[in-house]
Amino acid sequence: MKDSFDKKKASKIDPNDPRFKIAHREAWIGVILVIINFAWWYGFAYGLGSRPVEEYTYVFGLPSWFFYSCVIGFLVMVVFVVIAVKGFFKEVPFDDEEGDIR
C-alpha cells in the first residue's frame with residue numbers, strides 16, 4: 001500500500017518546478033559560505049598560529065590566532081549568513097500547486 005502511494009507521489013514531481021532552481025541556488029550560497037568560513041579560519045589559525053608560542057600576541061587573554069579565527073570568524077559568519085538569508089533566500093511554499101488533498 002505504501003509503495004503505491006510513494007510511486008504516485010514521485011510521479012507528480014516536476015523537475016522543471018522553479019522551486020528546484022531556487023533550492024539549487026540557495027545550496028550553492030551555503031557551499032560558498034562554508035568555503036569562506038573555512039578560508040577565514042584556516043588563514044588566521046595557521047597564518048598567525050604557525051609562529052613559536054613565545055611570539056604569540058594576545059587579545060582579551062586569548063592567542064590572537066584563536067581570537068581572529070574562532071571568535072571574530074564566528075561573528076563575521078553570523079553577519080554573512082544573516083545577509084545571505086535576508087537578501088538572497090526566498091520563501092518557497094512546500095505544498096503542491098493544486099493544494100493538499102486529504
Side-chain angles (χ1 to χ4, degrees):
M1 186 77 159
K2 187 172 180 353
D3 277 345
S4 63
F5 177 75
D6 289 341
K7 288 177 185 175
K8 187 186 300 184
K9 190 78 168 166
S11 66
K12 289 185 178 184
I13 295 175
D14 180 15
N16 297 324
D17 190 341
R19 295 179 291 184
F20 287 117
K21 184 177 180 182
I22 293 168
H24 188 75
R25 183 178 65 99
E26 291 176 357
W28 274 111
I29 291 170
V31 168
I32 291 167
L33 286 171
V34 167
I35 291 169
I36 291 170
N37 187 30
F38 181 76
W40 179 285
W41 174 84
Y42 188 86
F44 279 107
Y46 287 101
L48 295 175
S50 61
R51 296 177 297 186
V53 176
E54 295 81 24
E55 296 178 16
Y56 282 177
T57 57
Y58 295 88
V59 179
F60 296 119
L62 299 170
S64 60
W65 66 266
F66 181 83
F67 181 77
Y68 292 118
S69 67
C70 296
V71 177
I72 298 298
F74 170 74
L75 297 175
V76 167
M77 289 311 300
V78 166
V79 170
F80 283 171
V81 168
V82 168
I83 289 170
V85 169
K86 293 210 180 258
F88 299 109
F89 284 27
K90 292 182 178 180
E91 180 133 3
V92 178
F94 291 123
D95 53 350
D96 292 336
E97 304 285 327
E98 301 97 35
D100 287 337
I101 301 172
R102 293 182 185 237

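Quick note: numbers below take in every heavy atom, side chains included, and nothing from hydrogens, waters or symmetry partners.
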Visitor: Quick one: CG on L62 to CZ on F67, what's the gap to the nearest 0.5 Å?
Guide: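 L62 atom CG to F67 atom CZ measures 7.5 Å (nearest 0.5 Å).
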Visitor: Do F20 and V92 belong to the same hydrophobic cluster, where Ile, Leu, Val, Met, Phe, Trp and Tyr are linked whenever their side-chain heavy atoms lie under 4.5 Å apart, directly or via other members?
Guide: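 Each belongs to a different hydrophobic cluster.
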Visitor: Could you report the tightest heavy-atom contact between M77 and L33, atom names first, then the distance?
Guide: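 In terms of heavy atoms, the two residues are closest at CE-O, 3.2 Å.
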Visitor: Who passes ring-ring contact (aromatic ring centres under 6.0 Å, His included) against F44, sequence neighbours left out?
Guide: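 For F44 the ring-ring contact (aromatic ring centres under 6.0 Å, His included) partners, ignoring immediate neighbours, are W40, Y68.
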Visitor: Any chance you could lay out the side chain to side chain contact (heavy atoms under 4.5 Å, CB included) test for F89 and I29, step after step, and finish with the verdict?
Guide: CA-CA 9 Å; F89 284 27; I29 291 170; 3.7 Å; yes
Visitor: Are I35 and V85 grouped together when hydrophobic residues (ILVMFWY) are joined by side-chain heavy atoms under 4.5 angstrom apart?
Guide: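 Cluster IDs for I35 and V85 differ.
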Visitor: Grouping I, L, V, M, F, W and Y whenever their side-chain heavy atoms are under 4.5 Å apart, do F60 and W65 come out in a common cluster?
Guide: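 Both belong to a single hydrophobic cluster.
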Visitor: Can you list the other members of the hydrophobic cluster that holds V34, where links are side-chain heavy atoms under 4.5 angstrom apart?
Guide: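 V34 shares its hydrophobic cluster with no other residue.
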Visitor: Can you run down the side chain to side chain donor-acceptor pair (under 3.5 Å) pairs that involve residues 55-64, sequence neighbours left out, and say none if there aren't any?
Guide: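 Qualifying pairs: T57-S64.
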Visitor: Between S69 and A45, what is the shortest heavy-atom contact and its length?
Guide: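 Scanning both residues, the minimum pair turns out to be CB-N, 3.7 Å.
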Visitor: For I83, what residues pass the side-chain contact (heavy atoms from CB on, under 4.5 Å) criterion, not counting sequence neighbours?
Guide: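 Partners of I83 by the side-chain contact (heavy atoms from CB on, under 4.5 Å) criterion, ordered by chain and then number, come out as V79.
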Visitor: Suppose the criterion is side chain to side chain donor-acceptor pair (under 3.5 Å): which pairs have a residue in residues 20-30, not counting sequence neighbours?
Guide: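 Side chain to side chain donor-acceptor pair (under 3.5 Å) check on residues 20-30 returns H24-W28.
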Visitor: Residues sharing Y46's hydrophobic cluster, by side-chain heavy-atom contacts under 4.5 Å among ILVMFWY, directly or via others?
Guide: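 Besides Y46, the cluster holds F38, W41, Y42.
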